[in-house]
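Below you'll find the structure, written out as structure tokens, and then a few comments.
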There are 2 protein chains.
Amino acid sequence: MRRDVFQAIADPTRRAIIGLLALQAMTPNAIAENFDSTRQAISKHIKILNECQLIKQKQNGREIYYHFNPKQMKEVDLWMEQFRKLWETRFEQLDNLLENLEPKKS
Amino acid sequence: MRRDVFQAIADPTRRAIIGLLALQAMTPNAIAENFDSTRQAISKHIKILNECQLIKQKQNGREIYYHFNPKQMKEVDLWMEQFRKLWETRFEQLDNLLENLEPKKS
DNA sequence: TATAAGCGAAACCAATCGGTTGCGCAAATG
DNA sequence: CATTTGCGCAACCGATTGGTTTCGCTTATA
């Protein structure tokens with residue numbers, strides 16, 4: 001199934017999983033040990049991350065190692081690019097100024 | 001209500017609204033004209049964006065002008081920072097190499 | 001070969017989501 | 001002053017979400 005990356009990273013548990021897998025490849029059991037919910041719940045998160053290719057798998061016998069795939073994160077970065085210039089400090093003061101201006105009456 | 005920025009930008013309609021408001025401040029009616037759904041549906045999106053302060057409002061009579069607030073987007077950028085070094089091209093080849101390596105047998 | 005371990009899939013459930021219609025209120029307009 | 005306009009809110013609805021338990025398959029181990 002095709003998945004939206006933005007929707008995939010919306011869940012805090014999934015973001016934490018991505019954080020783990022960015023450091024090292026891990027099996028579902030190993031990942032699940034870091035959370036309170038069941039292995040199956042984590043497995044569903046893994047499935048979603050896998051579907052939008054934020055992570056990739058490598059089977060090794062009965063174990064499956066999942067690892068982070070940075071490429072798909074580019075989509076998020078690309079979208080944010082249009083705003084990046086806006087949050088730099090030199091623009092913040094202008095922003096605050098505009099915020100306090102009365103909108104022009106028609 | 002306190003809202004998660006990641007969850008707020010998960011919805012494509014809300015991302016589109018942010019895109020509009022980054023260009024210029026707009027009233028709910030003006031925003032809604034750009035979409036197929038009702039003004040009330042858009043208003044709910046606006047409410048969510050407002051709750052996590054991705055947008056801010058400025059009342060002018062019976063009209064409310066909403067505008068983009070770049071500051072809150074920093075949280076997303078900050079989280080992505082840890083991965084940014086991973087998707088640069090010089091690392092992609094190493095990534096592909098690691099992907100094709102057999103996991104070490106225990 | 002019997003048993004245990006690692007994993008995904010399915011069925012189920014309460015909570016949340018994104019949409020709708022209908023309403024009420026304050027501000028603008030005739 | 002009556003009417004229109006701009007807006008938020010509440011109630012409702014089907015779909016999706018994130019969790020659980022149960023199950024079955026494959027691979028490792030005793």
Side-chain angles (χ1 to χ4, degrees), chain A residues 1-21 24-67 102-106, chain B residues 1-21 24-67 102-106:
Chain A
M1 196 208 287
R2 200 79 207 113
R3 283 274 186 177
D4 181 15
V5 176
F6 288 91
Q7 188 257 332
I9 64 171
D11 185 85
T13 303
R14 285 198 287 271
R15 286 201 298 280
I17 292 176
I18 293 174
L20 286 174
L21 297 185
Q24 55 176 327
M26 294 173 81
T27 65
N29 265 324
I31 297 171
E33 279 172 11
N34 294 274
F35 301 92
D36 286 333
S37 41
T38 61
R39 175 188 61 80
Q40 286 88 336
I42 300 300
S43 216
K44 286 174 86 174
H45 284 306
I46 290 175
K47 189 182 180 191
I48 289 169
L49 292 173
N50 207 24
E51 281 168 353
C52 65
Q53 304 195 66
L54 273 171
I55 63 176
K56 294 197 169 186
Q57 51 181 316
K58 183 134 198 62
Q59 188 119 17
N60 178 249
R62 68 181 169 188
E63 289 180 328
I64 302 177
Y65 279 86
Y66 290 94
H67 64 95
E102 282 295 317
K104 215 172 185 174
K105 297 202 97 183
S106 59
Chain B
M1 196 206 289
R2 199 80 206 110
R3 283 274 185 176
D4 179 14
V5 176
F6 287 92
Q7 190 256 330
I9 65 171
D11 184 84
T13 302
R14 284 197 289 270
R15 287 201 299 280
I17 291 175
I18 292 174
L20 286 173
L21 297 185
Q24 56 177 327
M26 294 172 80
T27 65
N29 266 325
I31 297 171
E33 280 172 12
N34 295 273
F35 301 92
D36 287 334
S37 41
T38 62
R39 176 188 61 80
Q40 285 90 334
I42 300 300
S43 215
K44 284 174 89 174
H45 285 306
I46 290 175
K47 189 182 181 191
I48 289 169
L49 292 173
N50 206 24
E51 279 168 354
C52 65
Q53 304 194 66
L54 273 171
I55 64 177
K56 294 198 169 186
Q57 51 181 315
K58 182 134 198 64
Q59 188 120 17
N60 177 250
R62 68 182 169 187
E63 289 180 328
I64 302 177
Y65 280 85
Y66 289 94
H67 64 95
E102 283 294 318
K104 215 175 186 174
K105 297 201 96 181
S106 59

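Proteins get letters first, then strands, A, B, ... in listed order; numbering begins at 1 in each. Excluded from the calculations below are hydrogen atoms, water molecules and symmetry mates; all remaining heavy atoms, backbone and side chain alike, are included.
Following rounding to the nearest Å, K44(B) (NZ) and dC7(D) (C1') show an atom-to-atom distance of 15 Å. Remark: P of dC7(D) and CD of Q59(B) are 9 Å apart, rounded to the nearest angstrom. Rounding to whole angstrom units, CD1 of residue I55(B) and P of dC7(D) are separated by 12 Å. Whole-Å rounding puts the N60(A) CG to dG6(C) P distance at 13 Å.
The CE atom of M26(B) sits 14.0 Å away from the NE2 atom of H67(B) when rounded to the nearest 0.5 Å. Remark: I17(A) CD1 to L49(A) CG distance equals 6.0 Å, nearest 0.5 Å.
For E63(B), the side-chain atoms get nearest to dC7(D) when compared with the rest of dG19(C), dC7(D), dT5(D). Minimum atom distance to the side chain of Q40(B) is reached by dC23(C), of the listed dC23(C), dG6(D), dC23(D).
Nearest-nucleotide assignment on DNA chain D puts the 5′-proximal partner with Y66(B), out of I42(A) and Y66(B). Between G61(A) and A41(A), the residue anchored nearer the 5' end of DNA chain D, judged by the nucleotide with its closest heavy atom, is A41(A).
Residue R3(A) has no polar side-chain atom (N or O) positioned under 4.0 Å from OP1 or OP2 of dT16(D). For dG8(D), one of the phosphate oxygens OP1 or OP2 lies less than 4.0 angstrom from a side-chain nitrogen or oxygen of S43(B).
Near DNA chain D, defined here as any heavy-atom distance below 4.0 Å, the residues from residues 27-39 of chain A are S37(A), T38(A), listed numerically. Across residues 7-21 of chain B, not one residue has a non-hydrogen atom less than 4.0 Å from an atom of DNA chain D. Non-hydrogen atoms lying under 4.0 Å from DNA chain C are contributed by H45(B), all within residues 45-54 of chain B.
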Please step through side-chain contact (heavy atoms from CB on, under 4.5 Å) for the pair I31(B) and L21(B), ending with a clear verdict. CA-CA 8 Å; I31(B) 297 171; L21(B) 297 185; 3.8 Å; yes
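Contacts of A16(B) classified as side chain to side chain contact (heavy atoms under 4.5 Å, CB included), with partners at least two apart in sequence or in another chain: F35(B).
Although no hydrogens or angles enter the test, the distance criterion places a donor-acceptor pair under 3.5 Å between the side chain of Q59(B) and the main chain of G61(B).
Pairs engaging residues 31-40 of chain A under the salt bridge (charged side-chain N to carboxylate O under 4.0 Å, His left out) rule: none recorded [sequence neighbours left out].
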Listing, residues 4-11 of chain A side-chain donor-acceptor contacts under 3.5 Å, not counting sequence neighbours, or none:
residue, atom, partner, partner atom, Å
D4(A), OD1, F6(A), N, 3.2
D4(A), OD2, R15(B), NH2, 3.4
Q7(A), OE1, R3(A), NH1, 3.4
D11(A), OD2, T13(A), N, 2.9
D11(A), OD2, R14(A), N, 3.1

